[in-house]
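Okay, so here's the structure we're looking at.
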Amino acid sequence: MRPARHSLFTGLLWTAPWWLGFLLLLAGPMVISLYISFCDYPLLQPPVFVGLANYQQLVHDAVFHKAVWNTVIYASTAIPVGTVLAVLLAILLNQRVRGQAFFRACIFVPTIVPLVAAGVVWMWMMNPEYGLLSTSLRTVGVAQPPLWLESPRWAMVSLVLVSLWFIGSPVVIYLAGLQEIPEELYEAAKLDGASASRQLWHVTLPGISPVILFNVIMGIITSWQVFALPYMMWRTRPGPDRVTYFYTMYLFDNAFNYLKMGYASALAWVQFLIILALTGLVFLLSRRTVHYRGL
Amino acid sequence: MNIRGVILVLVLGLPAAGLLAFGPRGLHEVPPDRTIVRYWEKWTGVEGQAMQRIVDRFNQTEGTRRGIWVDYNALGDVDKRMLISAAGGDPPDVAGLPDRFVPPYADQGALRPLDDLAREFSLDLDAFKPIWLSICRYDGKLYALPSTPYTIALYYNRSLFRAAGLDPDHPPQTTAELNEYAQRLTRFEGGDPTNPRAGRIVQLGFTVSPAMLGWWTWIWPYFFDGQLWDGRRFTLDTPATHAALGWVRELRTAVGNDRVLQFEGTSAAIESAQNPFLSGQLAMVFQGPWLANWARVYAPDLDYGVAPFPSVTRERQHVFASEDVFVIPTGARHPREAMVFLEYVLRQEVMEELCQAHGKVSPYRLPGSEFFARHPNPHIHVFDEMATSPEVFGYPSMPTWAEAWTEMLYLLETVMREAREPAEAIRMTQTKVDSVVADYERMAAHRRGGAR
């Protein structure tokens with residue numbers, strides 16, 4: 001066997017667990033789901049090809065429109081709020097103060113609480129009668145605190161607030177990014193008389209812009225797939241006035257409650273394309289604002 | 001081999017050796033020459049233990065004689081697992097499902113029709129009350145056998161009735177009377193002395209909220225002489241539904257909807273001391289016979305009564321009846337052995353032992369002499385009699401019920417939160433479910449075309 005072919009064979013052999021897994025467990029099912037999205041497939045009977053019927057149905061499906069709208073609202077609220085807060089917290093935690101490690105731990109610890117457990121805790125925190133939030137508001141004189149999870153007006157706000165509970169992961173990534181910014185840049189800025197806010201705007205934010213881009217893209221992906229928290233907190237209900245019924249919940253219902261695998265697959269592919277398009281758009285918009293060192 | 005190699009072998013080898021030595025063994029206790037019948041059920045805890053006892057007894061007696069071993073497995077989401085395993089060609093031989101899955105699963109071909117097997121095994125189906133058998137049929141065929149049935153009644157707190165000046169031996173007889181009672185049974189705290197109803201609700205008369213044990217969110221039109229499915233069409237937008245949702249709205253606005261919503265936020269699980277009915281926060285509740293099991297544990301001194309849930313008029317008594325059922329999935333490997341087991345479980349004394357342990361009614365026309373005497377629910381005869389009402393009804397037998405159910409839940413939520421006027425919400429729900437039914441029929445036509 002020639003050395004090049006031998007190397008290729010050896011490489012393929014050692015990477016076989018990955019590419020076999022990729023082909024069998026990811027690429028294969030994706031291709032099948034694409035085919036199924038053009039079929040009527042109630043799981044127990046063979047799929048019947050129906051052309052674009054499932055995709056056409058999406059156009060007229062009011063619940064689909066509502067789920068998309070809710071997801072857009074959630075993503076466009078949770079991502080900016082989460083990003084700004086995470087960056088600010090990371091900057092604070094990057095200051096050399098006593099107890100720095102303790103404060104960092106405090107921010108990170110909530111992220112290791114399982115999602116379902118956190119959901120249950122927040123359900124109680126936001127209980128309109130006995131919850132900590134409502135009780136505290138009553139103590140300071142608010143006679144009618146919000147109904148939080150029970151109110152169509154407050155349910156989405158509540159979910160965004162709960163999503164901030166898991167801010168520890170991006171904060172850690174931002175912290176790592178902050179520590180990568182060369183100290184000389186700050187020294188140069190100070191010599192030029194830059195104030196703290198100007199240093200933040202002209203040194204810190206450009207310095208961590210690749211990290212911000214990464215976290216925003218991850219935020220888009222996770223926001224468009226939000227499922228466990230609302231599913232848990234509204235006890236599988238669509239939430240007050242369906243304001244917390246999200247894309248993935250509708251997809252799950254179609255697949256496993258309504259047994260419409262074809263329609264669910266169409267939903268999954270549309271979701272995939274939306275996330276792909278949004279990611280591409282963010283990359284495009286970030287060309288001038290993200291600074292890679294050495295480029 | 002160097003030291004790193006030894007460590008690697010130990011790290012990988014020891015867990016493997018441990019698994020081989022102490023890992024799961026499967027059904028090592030199955031005697032030889034038995035056919036294994038796989039039985040998947042949803043029951044755990046006390047309910048699961050009761051069934052396990054029956055399975056054990058079968059394995060030791062009838063199973064030994066007939067060479068059958070039943071392997072009982074309690075699973076969460078048994079309906080979904082059964083369906084996926086059937087799609088994968090390896091379903092269990094028997095599954096225990098809630099009855100609402102019978103129409104959609106039968107329609108999808110997931111269930112084996114049981115008419116032939118019932119005849120072959122000479123099952124006396126006439127021994128059951130008609131409602132329990134009709135629930136097991138779909139499109140004229142028998143797809144299930146009754147397991148543990150129940151009707152749903154109005155539980156009311158007799159002490160709170162007395163405190164409100166109501167006669168505890170005279171529960172409400174009509175829906176209008178129920179509203180009147182509910183208002184009198186609602187108490188407020190912390191309000192203005194000139195307007196006590198401005199305070200917080202500390203005791204609520206009645207609510208249909210799913211957060212407060214009102215689990216059957218779609219049901220209310222039935223008590224106003226309505227129905228949701230006529231066999232072809234979803235029949236929501238009718239005077240009965242408008243009357244029902246008007247009644248719901250009135251029930252809440254009479255005591256202040258914002259206060260009711262806040263109060264409903266205190267909801268807790270049925271199996272807890274915070275259960276609103278058992279803790280005295282809720283004076284009346286629409287629930288099943290199993291509530292007595294929790295009352296015995298968490299509120300043994302609670303003085304409560306049970307009555308049929310009132311309908312819009314005294315002349316009619318609409319009763320919701322439902323049950324868990326046994327099914328044999330399509331593709332089950334041992335359907336006849338499964339029937340031997342089911343024949344054993346359906347013996348009256350065995351079935352009634354199970355129903356007693358679950359706190360439910362007997363599916364038989366004439367329950368055994370000991371059934372009522374030994375039953376843990378002192379009001380079980382009320383639930384049993386209700387099953388013979390001429391106006392008894394079950395879940396709508398529609399193949400797209402899961403979607404209709406979601407829409408009905410949404411409809412009730414919308415009305416409860418005053419997000420839309422009931423008439424508008426009803427119209428929207430009717431349109432949505434009509435489109436679901438139309439899609440189903442269109443896909444079914446495609447399928448028939450594909451099958452040709």
Side-chain angles (χ1 to χ4, degrees), chain A residues 39-51 53-54 56-57 60-63 66 123-124 126-131 134 138 143-153 155 234-245 249-250 252-263, chain B residues 77 79-80 83-84 86-88 104-105 107-111 190 200-202 209-211 217 258-259 261-267 274 329-331 399-403 405-407 409-410 413-414 416-420 428 431-432 435-436 439-440 442-451:
Chain A
C39 297
D40 167 35
Y41 180 38
L43 205 62
L44 276 153
Q45 295 164 22
V48 174
F49 189 77
V50 292
N54 288 323
Q56 283 165 348
Q57 198 182 326
H60 309 290
D61 185 346
V63 180
K66 180 79 176 169
M123 276 167 67
W124 280 108
M126 292 178 163
N127 184 300
E129 187 76 2
Y130 302 130
S134 290
R138 274 195 217 102
Q144 285 290 324
L147 292 170
W148 304 114
L149 308 181
E150 303 296 326
S151 153
R153 194 180 298 168
W234 282 273
R235 284 163 269 172
T236 73
R237 289 185 285 135
D241 205 20
R242 227 176 214 149
V243 291
T244 51
Y245 194 55
M249 294 163 83
Y250 190 47
F252 175 86
D253 275 344
N254 272 286
F256 297 107
N257 286 332
Y258 312 153
L259 306 179
K260 292 158 92 174
M261 289 293 168
Y263 195 55
Chain B
D77 285 337
D79 48 297
K80 291 188 183 72
L83 198 73
I84 290 165
Y105 282 18
D107 188 67
Q108 300 289 351
L111 307 181
R200 282 167 52 217
I201 293 174
V202 290
S209 169
T217 52
D258 278 352
R259 293 181 190 86
L261 283 169
Q262 183 176 332
F263 178 82
E264 285 167 351
T266 61
S267 66
Q274 288 79 39
T330 306
T400 50
W401 173 241
E403 277 178 276
W405 180 89
T406 306
E407 294 308 315
L409 168 60
Y410 174 53
E413 290 265 342
T414 304
M416 285 190 337
R417 290 169 203 288
E418 299 178 329
R420 284 197 171 81
M428 286 172 67
T431 307
K432 170 65 185 167
S435 79
V436 168
D439 284 339
Y440 163 79
R442 187 169 48 80
M443 290 296 189
H446 260 294
R447 188 159 292 285
R448 283 194 294 274

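Protein chains get the first letters and strands the later ones, always in sequence-line order, with residue 1 at the start of each.
Counting heavy-atom pairs under 4.5 Å between each of A:F256, A:Y263, A:W148 and chain B puts A:F256 at the top. Per-residue counts of heavy-atom pairs under 4.5 Å with chain A were compared for B:T217, B:L83, B:T431, B:D258; the largest is that of B:L83.
Under the rule for a salt bridge (charged side-chain N to carboxylate O under 4.0 Å, His left out), A:K66 has no partner lying at least two apart in sequence or in another chain. With sequence neighbours left out, the side chain to side chain donor-acceptor pair (under 3.5 Å) criterion links B:W401 to no other residue.
B:E407 has its side chain within reach of A:V63: a pair of non-hydrogen atoms, C-beta onward, lies under 4.5 Å apart. Between B:V202 and A:E129, every side-chain heavy-atom pair lies at or beyond the 4.5 Å cut-off. Between B:T406 and A:R242 there is a side-chain heavy-atom pair separated by less than 4.5 Å.
For A:R153, the CZ atom is loosely surrounded, since the number of other residues' heavy atoms within 6.0 Å does not exceed 12.
Residue contact with chain A, scored on non-hydrogen atoms closer than 4.5 Å, involves the side chain of B:Y105 exclusively. For A:L43, the parts lying under 4.5 angstrom from a heavy atom of chain B are both the backbone and the side chain.
Note that the CD atom of B:Q262 and the CG atom of A:N127 stand 9.0 Å from one another [nearest 0.5 Å]. The NZ atom of A:K260 sits 3.5 Å away from the CD atom of B:E403 when rounded to the nearest 0.5 Å. For the atom pair CG (A:L259) and CD1 (B:I84), the distance works out to 9.0 Å, reported to the nearest 0.5 Å. Interatomic distance, CD of B:Q274 versus OH of A:Y130, reported as 9.0 Å (0.5 Å rounding).
Of all heavy-atom pairs between A:L44 and B:A87, the closest is CD2-N, 3.6 Å.
Remark: side-chain polar atoms of A:Q45 are paired, donor with acceptor, to backbone N or O of B:Q108 under 3.5 angstrom.
Defined by atom type and a distance below 3.5 Å, a donor-acceptor pair is present between the side-chain atoms of B:D439 and A:Q57.
Ion pairing between a basic and an acidic side chain is recognised when a charged N comes within 4.0 Å of a carboxylate O; A:E150 and B:R417 show such pairing.
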